[in-house]
J.: 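Have a look at this one.
Model, not experiment: these values are computed from the prediction.
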Amino acid sequence: MIVVDMGDAFRMIAQYDHSLHAGEMGAWLRDEAFSTVGRRTSVLTGVAEHDLAWQGMDKVPMWNDARGTPYSFLDLPDSWKLAHYHCGVDELEARDLYAGLLASRHYAAFFEHATDPDALAFLARERSRQARLLADLGVAERDVERDVRIVQFLDKLSLYVCLSDPRSGEGPLVPWLQGPFRELESAMGEPIEVQWAGPGRVRLKPFPFRAAFACDVPVRRVDKRQIGAVGIAMAYKTAPVERERVTIAPA
């Protein structure tokens with residue numbers, strides 16, 4: 001779950017909706033960003049479905065008593081995520097081997113410096129999966145690395161939107177979303193500067209997409225008083241779904 005404290009309410013976006021938003025943006029990406037045009041469909045499947053694992057976890061939001069907020073993807077304990085991650089990659093691999101490989105690489109990167117035994121076991125299983133899929137698919141490591149960076153870039157760009165307040169064109173405050181995005185540097189020749197250009201509009205320079213476009217993000221604004229009255233699960237369930245439209249355009 002993506003959670004932003006708006007004062008009197010929490011702005012909440014299901015992780016899988018963010019994933020689909022990333023995939024929708026990816027449909028506009030220029031062909032030269034991909035390792036080959038022939039893998040474009042598989043890469044975009046990997047982007048759109050990379051958070052498939054979160055569908056079950058986000059059905060009923062959980063409350064973080066220590067912080068006084070709903071748990072978000074940023075603070076949900078890894079021990080709660082790992083089994084879901086593995087099953088999500090299993091499901092994606094069954095649909096598309098290359099998309100599954102990219103999702104596995106994307107998730108494994110989160111745990112490269114892990115010391116927790118459960119995280120290390122997850123990492124070992126995913127590295128075994130990656131070696132098997134690389135051999136089965138016969139793809140070059142450099143091509144996989146290029147396409148994984150597409151997943152990382154679009155994931156990050158969608159999170160930039162989702163962790164902001166598009167109505168005001170402000171945010172996000174997350175440190176790792178500040179500064180240039182370097183994921184497509186090899187394809188674009190330089191890092192990409194990303195910034196809000198007013199309400200509902202984000203500008204990129206250089207621009208990696210074919211043209212300016214707009215995408216909607218499904219959002220629930222969950223009133224804090226309602227949470228106090230009926231709990232986070234019911235308050236989230238009954239909050240209306242709004243669709244925030246954000247335009248991505250060249251600077």
J.: Taking Ser104 for its side chain and Gly100 for its backbone only, find out whether a donor-acceptor pair lies under 3.5 Å.
T.: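 Absent.
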J.: Run the numbers on Lys224 and Asp5 for salt bridge (Lys or Arg N to Asp or Glu O under 4.0 Å), then give the verdict.
T.: CA-CA 10 Å; Lys224 291 182 179 179; Asp5 192 335; 2.9 Å; yes
J.: Heavy atoms, side chains only, cut-off 4.5 Å: are Trp196 and Ser168 in contact?
T.: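 No. Closest side-chain heavy atoms not under 4.5 Å.
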J.: Linking directly or through intermediates, with side-chain heavy atoms under 4.5 Å: list the remaining ILVMFWY members grouped with Phe10, chain and number order.
T.: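 Cluster partners of Phe10: Met1, Val3, Met12, Trp63, Val222, Ile227, Ile232, Tyr236.
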J.: Quick one: do Lys81 and Asp78 satisfy salt bridge (Lys or Arg N to Asp or Glu O under 4.0 Å)? Show the steps, please.
T.: CA-CA 5 Å; Lys81 302 175 187 176; Asp78 287 343; 3.7 Å; yes
J.: Drop me the distance from Leu82's CG to Phe110's CZ, to the nearest 0.5 angstrom.
T.: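 Result: 11.5 Å between the selected atoms.
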J.: So if you build clusters from Ile, Leu, Val, Met, Phe, Trp, Tyr with side-chain heavy-atom gaps below 4.5 Å, do Leu20 and Ile13 land together?
T.: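 In one cluster with Leu20: Ile13, no.
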J.: Indicate yes or no for a side-chain donor-acceptor contact from Ser19 to the backbone of Ala48 under 3.5 Å, with no hydrogens or angles considered.
T.: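 Such a contact is found between Ser19 side chain and Ala48 backbone.
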J.: Return the CZ to CE distance between Arg167 and Met6, rounded to the nearest 0.5 Å.
T.: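 Taking CZ in Arg167 and CE in Met6, the distance rounds to 8.0 Å.
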J.: Can you measure from CZ (Arg95) to OG (Ser42) and round to the nearest 0.5 angstrom?
T.: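 Separation between the atoms: 13.0 Å.
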J.: Going hydrophobic residue to hydrophobic residue with side-chain gaps under 4.5 angstrom, can you get from Val202 over to Phe213?
T.: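 Hydrophobic grouping puts Val202 with Phe213.
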J.: Taking salt bridge (charged side-chain N to carboxylate O under 4.0 Å, His left out) as the definition, give me every residue that meets it alongside Arg129, ordered by chain and number, with sequence neighbours left out.
T.: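 Checked Arg129 against salt bridge (charged side-chain N to carboxylate O under 4.0 Å, His left out); matches are Asp90, Glu93, Glu126.
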J.: At their closest point, which heavy atom of Leu52 faces which heavy atom of Leu92, and how far apart are they?
T.: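 Of all heavy-atom pairs spanning Leu52 and Leu92, the closest is CD2-N, 4.1 Å.
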J.: Taking all atoms of both residues into account, what is the closest heavy-atom pair of Leu29 and Pro208, and its distance?
T.: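 The answer is CD1-O, 3.6 Å.
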J.: Restricting to non-hydrogen atoms, name the atom on Pro250 and the atom on Ala212 that form the minimum distance, rounded to 0.1 Å.
T.: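 That closest heavy-atom pairing would be CD-CB, 4.1 Å.
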J.: Can you tell whether the side chains of Glu141 and Arg105 come within less than 4.0 Å, N to carboxylate O?
T.: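 Salt bridge present between Glu141 and Arg105.
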J.: I'd like to check Arg146 versus Phe34 (side-chain heavy atoms, cut-off strictly below 4.5 Å). Are they in contact?
T.: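 Sidechains of Phe34 and Arg146: no contact.
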J.: Check whether any side-chain heavy atom of Pro172 sits under 4.5 Å from a side-chain heavy atom of Tyr160, and report yes or no.
T.: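 Yes; the side chains approach each other to less than 4.5 Å.
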J.: Within the structure provided, determine whether Gln15 and Ile2 are in side-chain contact (heavy-atom separation under 4.5 Å).
T.: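 With C-beta onward as the side chain, the pair touches.
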J.: Using the side chain to side chain donor-acceptor pair (under 3.5 Å) rule, pick out the option among Lys156, Gln152, Arg149 that qualifies with Glu183.
T.: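 Among the candidates, only Lys156 passes.
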J.: Per the side chain to side chain donor-acceptor pair (under 3.5 Å) rule, which among Gln55, Glu49, His21 passes with Tyr16?
T.: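 Among the candidates, only Glu49 passes.
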J.: Does anything in residues 122-142 form a ring-ring contact (aromatic ring centres under 6.0 Å, His included)? List the pairs, not counting sequence neighbours.
T.: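 Applying ring-ring contact (aromatic ring centres under 6.0 Å, His included) to every pair that reaches into residues 122-142, excluding sequence neighbours, yields Phe111-Phe122.
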J.: Checking Phe207 against Ile248 for the side-chain contact (heavy atoms from CB on, under 4.5 Å) test, could you report, in this order, the C-alpha distance in whole Å, the side-chain angles of both residues, the deciding distance, and whether it holds?
T.: CA-CA 9 Å; Phe207 195 64; Ile248 308 295; 4.0 Å; yes
J.: I need the minimum non-hydrogen distance between Val60 and Ala233, along with the two atoms involved.
T.: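 Result for this residue pair: CG1-CB, 3.7 Å.
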J.: Does the salt bridge (Lys or Arg N to Asp or Glu O under 4.0 Å) test come out yes or no for Arg182 and Glu190, once each step is laid out?
T.: CA-CA 8 Å; Arg182 299 187 177 276; Glu190 59 183 304; over 6 Å; no
J.: Return yes if some donor-acceptor pair links the side-chain N/O of Ser158 with the main-chain N/O of His18 below 3.5 Å, else return no.
T.: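 Here the side-chain-to-backbone pair exists.
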J.: Taking salt bridge (charged side-chain N to carboxylate O under 4.0 Å, His left out) as the definition, give me every residue that meets it alongside Arg243, ordered by chain and number, with sequence neighbours left out.
T.: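 Listed in chain order: Asp216.
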J.: With a 6.0 Å cut-off on the ring centroids, do Phe73 and Trp54 count as close?
T.: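 Not under 6.0 Å, so no.
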J.: Tyr107 vs Asp51, test: side chain to side chain donor-acceptor pair (under 3.5 Å). Steps then yes/no.
T.: CA-CA 9 Å; Tyr107 277 133; Asp51 274 343; 3.0 Å; yes
J.: Tell me, with the steps shown, if Tyr98 and Leu133 meet side-chain contact (heavy atoms from CB on, under 4.5 Å).
T.: CA-CA 8 Å; Tyr98 195 62; Leu133 289 175; over 6 Å; no
J.: Below 4.0 angstrom, N of the basic side chain to O of the carboxylate: do Glu242 and Arg220 qualify?
T.: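 Arg220 and Glu242: not salt-bridged.
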J.: Less than 4.0 Å between a side-chain N and a carboxylate O, is that true for Asp8 and Arg225?
T.: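 Looking at Asp8 together with Arg225, the answer is no, because their closest N to O distance does not fall below 4.0 Å.
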J.: In terms of relative ring orientation, are Phe209 and Phe153 parallel, tilted or perpendicular, with 30° and 60° separating the classes?
T.: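 Tilted.
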J.: Between Arg210 and Asp31, is the salt bridge (Lys or Arg N to Asp or Glu O under 4.0 Å) condition met? List the steps.
T.: CA-CA 9 Å; Arg210 297 193 307 272; Asp31 284 343; 5.6 Å; no
J.: Hey, are the side chains of Asp165 and Val4 touching, using non-hydrogen atoms and a 4.5 Å cut-off?
T.: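 No. Closest side-chain heavy atoms not under 4.5 Å.
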J.: Determine yes or no for a side-chain-to-main-chain donor-acceptor pair under 3.5 angstrom, with Arg203 supplying the side chain and Glu193 the backbone.
T.: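 It does not hold such a pair.
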J.: Where the side chain of Gln178 meets the backbone of Val174, is there a donor-acceptor pair that is under 3.5 Å apart?
T.: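 Looks like yes, one N/O pair under 3.5 Å.
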J.: Around Met62, counting heavy atoms of other residues, nucleotides and ligands shown, do more than 12 lie under 6.0 Å from its CE?
T.: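 Atom CE in Met62 is crowded, with more than 12 foreign heavy atoms closer than 6.0 Å.
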J.: What pairs with Glu112 under salt bridge (charged side-chain N to carboxylate O under 4.0 Å, His left out), at least two apart in sequence or on another chain?
T.: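 Testing Glu112 for salt bridge (charged side-chain N to carboxylate O under 4.0 Å, His left out), a comparison that skips the adjacent residues, returns none.
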J.: Considering only heavy atoms from C-beta outward, does the side chain of Leu120 approach that of Asp116 to under 4.5 Å?
T.: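 Leu120 does not reach Asp116 side chain to side chain.
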J.: If you round to the nearest 0.5 Å, how far is CG of Leu74 from CG of Leu163?
T.: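 Reported to 0.5 Å precision, the distance equals 6.5 Å.
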J.: So which heavy atom on Ala33 is nearest to which on Ile150, and how close?
T.: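 Shortest heavy-atom contact: O-CD1, 3.3 Å.
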J.: About how many Å separate CG of Asp155 and SG of Cys162, when rounded to the nearest 0.5 Å?
T.: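 Output value for this atom pair is 9.5 Å.
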J.: So, using salt bridge (charged side-chain N to carboxylate O under 4.0 Å, His left out) as the criterion, who are the partners of Arg67 when residues are at least two apart?
T.: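 Salt bridge (charged side-chain N to carboxylate O under 4.0 Å, His left out) list for Arg67, sorted by chain: Asp75.
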J.: Ignoring hydrogens and angles, tell me if any N or O in the side chain of His86 forms a donor-acceptor pair with the backbone of Ala83 under 3.5 Å.
T.: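 Side chain of His86 to backbone of Ala83, a donor-acceptor pair under 3.5 Å: no, none is there.
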J.: Taking side chain to side chain contact (heavy atoms under 4.5 Å, CB included) as the criterion, tell me which of Leu102, Leu154, Asp96 meets it with Val43.
T.: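 It is Leu102, the one option of Leu102, Leu154, Asp96 that forms the side chain to side chain contact (heavy atoms under 4.5 Å, CB included) with Val43.
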J.: What's the shortest heavy-atom distance between Ile192 and Met188, and which atoms?
T.: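 Ile192 and Met188 have their closest heavy atoms at CD1-CG, 4.1 Å.
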J.: To the nearest 0.5 Å, what is the distance between CD (Glu145) and OG (Ser35)?
T.: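 With rounding to 0.5 Å, CD (Glu145) is 11.5 Å from OG (Ser35).
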J.: Is there a path of hydrophobic side-chain contacts, each under 4.5 Å between heavy atoms of I/L/V/M/F/W/Y residues, joining Leu204 to Trp176?
T.: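 Yes, because Trp176 and Leu204 connect within a single hydrophobic cluster, where side-chain heavy atoms sit under 4.5 Å apart.
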